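See below for the structure under consideration.
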Amino acid sequence: MNATHAVFNQSPPLEGVNLFEANRPLREALAHLAPTLDTAGLLELGAGAGSAEWQQHARLANSHPPVLHTHDRQGRRVDQVEFHPSYHALMGEALRHGLHGTPWARGPGAHIERAAGFMLFTEAEPSVLCPVSMSYAVAPALAGNPALRAAFGPGLAATAYDARFVPAAQKTALNHALTMGMGMTEKQGGSDVRANTTRAEPDGVDAWGERVRLTGHKWFFSAPMCDAFLVLAQEAAGLSCFFVPRFGPDGSVNAIAIQRLKHKLGNHANASSEVEFDGSFGWRVGEAGRGVPQILAMGALTRLDCALGTAGLMRQALSLAVHHTAARSAFGKPLVEQPLMQAVLADLALESEAATALALRLAAAVDRSEHGIEAEHERVLRRLLTPVAKFWICKRGSAFAQEAMECLGGNGYVEAGGEGVMARIYREMPLNSIWEGAGNIMALDLLRALRGADVAAALERESAAARGRHAAFDRRLALALQAVDGGVPEAEARRLVRDVALLLQAALLAQWAPEPVFAAFCDARLAQASDTWGTGLAGHDAAALVARAAPHPI
Ligand SMILES: Cc1cc2nc3c(=O)[nH]c(=O)nc-3n(C[C@H](O)[C@H](O)[C@H](O)COP(=O)(O)OP(=O)(O)OC[C@H]3O[C@@H](n4cnc5c(N)ncnc54)[C@H](O)[C@@H]3O)c2cc1C
């Protein structure tokens with residue numbers, strides 16, 4: 001067929017960009033929070049994450065979702081999930097770059113570096129990071145059983161990916177990596193895990209401690225090909241936490257029946273399953289009847305990753321929007337130069353930078369509290385920021401993705417065999433807000449955090465750099481401190497989370513971002529209700545804000 005027309009005024013793919021080098025807000029935040037950090041590894045990861053090769057892997061891993069094999073040809077149960085080779089390629093890269101358990105075996109700064117890497121990797125593909133995140137987060141909870149920690153800890157920090165369905169000991173013998181997941185949510189209750197009905201019966205004691213047999217189910221059980229899981233189950237003393245491996249120490253397969261895989265809105269490359277336990281063996285982790293705080297030591301860190309992951313997705317969506325609008329013209333000039341588009345992009349840029357700052361600050365609080373640096377203040381901040389960052393960043397994610405998608409017009413809405421990355425981002429966005437504790441649960445957790453520590457003092461200390469620099473900031477801070485001191489009714493907890501999040505974001509920008517970024521953020525987020533993108537920046541240099549955020553010179 002003859003060509004009927006030439007294709008022009010379409011943006012080329014955004015590839016071949018070093019995502020670390022191109023991300024000025026991230027680099028500046030790191031320079032402030034971890035000034036001595038060697039960024040060579042992040043530069044390497046940034047090159048991979050921005051490459052055409054990784055983007056191709058992401059497209060294939062999402063277009064060919066995992067397939068469950070419950071039985072073999074002869075009818076025996078096998079309970080295995082088959083993934084596309086591109087999934088394995090991405091898993092290999094994530095583990096090679098140490099985005100799972102490696103920080104626990106390293107010194108100060110490792111959690112911050114890993115957090116920046118996690119954000120960068122999210123821009124390539126977020127769904128494979130589900131097992132990677134759980135394998136990072138499990139370390140403090142696993143410490144509740146020293147024998148298991150000794151057996152599994154080194155594998156969680158090893159960087160060679162091993163996709164085989166074989167006992168963990170065969171992997172660790174080769175110094176290959178192990179991965180872990182978690183099973184809390186049941187049909188009748190996810191937020192209220194006390195409603196769990198899975199039962200644990202005593203089954204003796206061995207080298208791994210008190211062994212039990214589990215009977216029951218989990219309604220959400222992501223990444224079921226992990227080597228082991230932390231699972232909540234009821235016993236005489238109440239709800240307890242158990243280590244449940246896919247294989248026992250004698251090499252026999254554990255009775256974990258994968259019933260089916262979830263058919264999800266997004267997150268397609270990751271397998272999320274429903275499972276049943278029928279006499280499955282498990283080993284106690286932590287104290288009997290204290291399962292919720294035990295597994296929440298893990299949940300707190302996966303919440304950090306929800307914030308980091310959403311900040312990464314925001315950055316990716318923003319980069320695509322700026323890239324596209326710089327390449328596409330309408331009504332006589334590039335879209336990026338149209339004043340209204342500039343206002344929208346500048347507003348998204350502020351949101352993305354503030355999300356990056358807040359998520360990284362939480363990672364820094366984890367790092368510093370783990371290493372006893374300013375330990376008391378950082379411990380309070382870690383407790384405070386976990387629900388605040390998880391709630392606010394993740395809650396903003398979907399609205400952000402919708403507006404970024406609109407910048408691409410109709411092309412933004414089209415997947416085109418997986419090439420339309422923006423649509424994938426949009427489908428992924430709500431997930432971080434729901435799993436690991438949905439919005440209301442985070443708001444309630446903030447109220448709990450207020451009861452346990454001097455949050456007002458921590459908030460005041462973190463706000464020092466911004467105080468007296470913007471009237472709206474000072475006003476909002478005074479109100480928030482009053483609420484923190486006096487307490488707020490449950491029904492108003494969301495307002496307090498939002499205010500604390502915005503204040504801390506502004507305070508962080510005051511510490512290291514250029515003055516115009518801080519001033520624009522305070523005007524757009526604290527001086528007015530932030531309900532419509534592209535409003536609140538009158539009098540600010542929107543073009544400069546967009547140029548700062550651009551993934552390449554525009
Ligand atoms: C793709 C995916 C993968 C997942 N993977 C896993 C996994 O690997 N392991 C695992 O254990 N779970 C997993 N989950 C489950 C997830 O953590 C839960 O869905 C989530 O915690 C919410 O629980 P629920 O679905 O039972 O909702 P519910 O607990 O019924 O909550 C419904 C709504 O009510 C709100 N709510 C609850 N209590 C209150 C209250 N007191 N006041 C006000 N509002 C309230 C919640 O915020 C939520 O908005 C996954 C979920 C998804 C979507």
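Start at 1 and go down the list; that is how both ligands and their atoms are numbered. In this text, all values refer to a predicted model and were calculated from it rather than measured experimentally.
Judged by the 6.0 Å and 45° rule, R114 forms a cation-pi pair with Y136.
Checked against a 6.0 Å centroid threshold, the rings of F121 and W54 count as neighbours. If you look at W283 and F281, their ring centroids are closer than 6.0 Å.
A salt bridge is defined here as a Lys NZ or Arg NE, NH1 or NH2 lying under 4.0 Å from an Asp or Glu carboxylate O, and R476 with D499 meets this definition. In summary, R427 and E415 engage in a salt bridge, as defined by a charged side-chain N under 4.0 Å from a carboxylate O. Residues E274 and K218 are not paired through a salt bridge, judged by the lack of any N-O separation under 4.0 Å between the basic side chain and the carboxylate. By the 4.0 Å N-to-carboxylate-O rule, R396 lies too far from E403 to be salt-bridged with it. Using a cut-off of 4.0 Å between Lys/Arg side-chain N and Asp/Glu carboxylate O, R383 and D445 are scored as salt-bridged. A salt bridge does not link K264 with E428: every distance from a Lys NZ or Arg NE/NH1/NH2 to an Asp or Glu carboxylate oxygen is 4.0 Å or more.
At a heavy-atom cutoff of 4.0 Å, ligand 1 is contacted by the side chain of K264 but not by its backbone. Using a 4.0 Å cut-off between heavy atoms, W219 makes no contact with ligand 1 at all. Of all the heavy atoms of N270, none lies under 4.0 Å from any atom of ligand 1, so neither backbone nor side chain is involved. With a heavy-atom cut-off of 4.0 Å, L431 touches ligand 1 through its side chain alone.
Near E436, the atoms of ligand 1 lying under 4.0 angstrom from a non-hydrogen atom of the residue are 17 (O). Every atom of ligand 1 with a heavy atom of I434 under 4.0 Å away is listed here by number and element: 20 (C). Each of the atoms 1 (C), 3 (C) of ligand 1 lies under 4.0 Å from some heavy atom of S272. Listed by number with element, the atoms of ligand 1 under 4.0 angstrom from any heavy atom of F221 are 8 (O). In the vicinity of M184, heavy-atom distances shorter than 4.0 Å reach the ligand 1 atoms 10 (C), 11 (O).
Taking the six-membered ring where the residue is Trp, W208 and F152 present perpendicular rings, their angle passing 60° and hence far from 30°.
Atom 49 (O) of ligand 1 lies below 4.0 Å from at least one non-hydrogen atom of the protein. Protein non-hydrogen atoms do not reach within 4.0 Å of atom 33 (C) of ligand 1. Put simply, atom 30 (O) of ligand 1 has no protein non-hydrogen atoms near it, under 4.0 Å away.
Given atom 28 (P) of ligand 1, the protein heavy atom at minimum distance is S191 OG, 3.6 Å. Protein heavy atom nearest atom 5 (N) of ligand 1, with residue, atom name and distance: S222 OG, 2.8 Å. The single protein non-hydrogen atom nearest to atom 13 (C) of ligand 1 is F220 CB, 3.2 Å, given as residue, atom name and distance. Of all protein heavy atoms, the one closest to atom 41 (N) of ligand 1 is L444 CD1, 3.7 Å. When only non-hydrogen protein atoms are considered, atom 21 (O) of ligand 1 lies nearest to G437 N, 4.0 Å. The protein heavy-atom contact nearest to atom 47 (O) of ligand 1 is A438 CB, 3.3 Å. The protein heavy atom nearest to atom 18 (C) of ligand 1 is T185 OG1, 3.9 Å. Looking only at protein heavy atoms, the nearest one to atom 35 (C) of ligand 1 is N440 ND2, 4.2 Å.
Within the structure, ligand 1 lacks G181 among the residues with a heavy atom less than 4.0 angstrom away. Ligand 1 lies within reach of I441, whose nearest heavy atom is under 4.0 Å from it.
A donor-acceptor pair shorter than 3.5 Å cannot be found between the side chains of R96 and T159. When only modelled atom types and interatomic distance are considered, K262 and S273 share no side-chain donor-acceptor pair under 3.5 Å.
Interatomic distance, D367 CG to R106 CZ, rounded to the nearest 0.5 Å: 9.5 Å.
Where the criterion is an N or O separation shorter than 3.5 Å, residue side chain and backbone included, M182 meets it with respect to ligand 1. Taking distance alone, with nitrogen or oxygen atoms compared against 3.5 Å, G189 stays at or beyond that limit from ligand 1.
Nearest approach of T172 to L178, heavy atoms of both residues: CG2-CD1, 3.6 Å.
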